[in-house]
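Here's the structure, in structure tokens; my notes come after.
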There are 2 protein chains.
Amino acid sequence: MGRWQPDAQVRLQEAALALYGERGYEETTVAEIAERAGLTKRTFFRYFTDKREVLFRGSELLEQQMVAAIEAAPASASALGLIGAALDAAAIRFEEVREFAGPRHRIIASSHELQERELIKAASLAAAMAGALRARGLGDTTAALAARTGTTIMHVAFEQWVEDPDQTPFQRIARDVLAQLREIASTG
Amino acid sequence: MGRWQPDAQVRLQEAALALYGERGYEETTVAEIAERAGLTKRTFFRYFTDKREVLFRGSELLEQQMVAAIEAAPASASALGLIGAALDAAAIRFEEVREFAGPRHRIIASSHELQERELIKAASLAAAMAGALRARGLGDTTAALAARTGTTIMHVAFEQWVEDPDQTPFQRIARDVLAQLREIASTG
DNA sequence: ACGCTGATGTCACCTGGTGCCATCACCTTA
DNA sequence: TAAGGTGATGGCACCAGGTGACATCAGCGT
């Protein structure tokens with residue numbers, strides 16, 4: 001056994017999630033999180049750039065998987081078809097973490113600061129997807145629109161999914177939302 | 001002449017915009033902004049809740065006008081027709097402040113923190129528009145989708161408008177973007 | 001002359017976040 | 001086995017954003 005307990009980063013994450021849930025995000029101090037994990041404030045900031053980021057580990061993975069899905073889609077796919085493929089990839093990821101999604105979502109919903117961070121993660125995701133769409137030959141405006149529309153659908157579907165007592169699969173909800181968007185755009 | 005110089009809030013805004021532009025947002029201190037305006041740090045925080053907010057006065061007005069446009073649209077309007085009406089209202093506002101839009105946009109683009117703030121303003125705007133759409137009888141999901149799509153179009157159009165050397169009117173750009181979105185949704 | 005009001009200043013304080021250096025178990029190498 | 005390097009961590013000082021409590025003081029009405 002080494003000098004240090006292993007998994008310091010994971011311990012910090014668990015401590016933060018627990019404390020944010022118990023006392024609330026604003027009322028929790030970084031020093032308290034660190035103490036609960038058996039570490040110090042200074043070490044917390046070696047693992048996470050700030051107090052918010054501890055809730056967002058894994059967002060790069062989601063981004064990678066959605067981009068990969070766009071890259072792997074058949075050449076015949078339309079813009080919305082590519083978005084659908086990306087949403088299918090997101091569905092897999094969300095189902096994997098369903099257990100933590102609810103508590104985490106409630107914490108984020110309780111804090112303005114955390115919502116800001118979530119929104120910029122979505123913007124980063126949209127930018128990455130737009131890049132992948134341009135790489136497939138879509139025009140700049142089309143790529144930007146399709147990518148942002150993808151994150152819009154993802155968020156609207158996510159909010160229904162995370163609160164759904166029937167635990168309907170994310171994929172089904174996202175497809176319904178996508179279909180509704182199509183209808184909105186084709187009507188009038 | 002009164003004991004205090006008038007327009008303290010405006011002076012703070014001007015000082016902040018100038019300093020953020022000259023030295024950069026992160027390198028500027030609230031105390032410096034206040035000093036330039038002939039005030040103190042404490043007074044800055046009486047007018048603005050934080051260092052970011054000083055760049056976002058007027059966002060409530062934009063929100064009000066876009067919501068009002070939705071409420072005032074003819075009863076026959078479709079969901080995207082209502083979004084178009086809101087975008088027309090935004091166009092008027094943007095043209096009014098075109099002079100400041102470029103510098104302000106560059107400052108925001110230079111800072112992660114400011115982008116976060118801008119994104120949550122957009123989210124607030126989308127929530128307000130969704131409420132107005134529901135009040136006109138649209139379903140929850142449709143309202144949420146249409147409202148967020150509206151802010152998406154607004155942002156994509158804004159980025160083209162603010163950098164456009166030809167000074168094409170925002171309204172024309174937004175209509176083109178909206179048309180492109182329709183095409184994306186109807187293809188494939 | 002008196003007291004009220006409201007914008008501002010002053011001061012003390014907390015917390016997020018960072019730079020710098022010390023510590024110390026483990027590993028390598030001679 | 002002893003010497004020295006390595007890497008995760010602790011400790012400390014410090015800065016800036018942000019807030020609460022209280023003092024100040026011109027103008028106003030009475």
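Reckoned from all heavy atoms, side chains included, excluding hydrogens, waters and symmetry mates.
A:Tyr25 pairs with exactly one of A:Arg52, A:His112, A:Lys51 by the side chain to side chain donor-acceptor pair (under 3.5 Å) rule, that one being A:Arg52.
Classification of B:Lys121 and B:Glu118 as a salt-bridged pair fails, no side-chain N sitting under 4.0 Å from a carboxylate O. One finds a salt bridge joining A:Arg98 and A:Glu95 here, because a Lys/Arg side-chain nitrogen approaches an Asp/Glu carboxylate oxygen to under 4.0 Å.
Atoms CD (A:Glu35) and P (D:dT9) sit 17 Å apart, rounded to a whole Å. Atom OH of B:Tyr20 and atom P of D:dA16 are 14 Å apart (whole Å). With rounding to whole Å, A:Gln9 atom CD is found 16 Å from D:dG7 atom C1'. Here the P atom of nucleotide D:dT19 and the CD atom of A:Glu27 are 14 Å apart, to the nearest Å.
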Go through the steps to decide whether A:Ile70 and A:Met66 satisfy the test side chain to side chain contact (heavy atoms under 4.5 Å, CB included), and finish with yes or no. CA-CA 6 Å; A:Ile70 289 173; A:Met66 292 179 80; 5.8 Å; no
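The cationic atom of B:Arg104 (NZ for Lys, CZ for Arg) lies less than 6.0 Å from the six-membered ring centre of B:Phe56 and within 45° of the ring axis.
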Sugar-phosphate atoms are those with a prime plus P, OP1 and OP2; base atoms are the rest. Using that split, label each nucleotide of nucleotides 12-22 of chain C B, S or - for protein heavy atoms under 4.0 Å, 5' to 3'. ----BBBBB--
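Listed pair B:Thr40 / C:dG9 meets the phosphate criterion, a side-chain N or O lying under 4.0 Å from OP1 or OP2. Side-chain nitrogen and oxygen atoms of A:Thr43 include none within less than 4.0 Å of the OP1 or OP2 phosphate oxygen of D:dT9. Put simply, B:Tyr47 has no side-chain N or O that comes within less than 4.0 Å of OP1 or OP2 on C:dA7.
Residues satisfying the salt bridge (charged side-chain N to carboxylate O under 4.0 Å, His left out) criterion with A:Arg36, sequence neighbours excluded, are A:Glu22.
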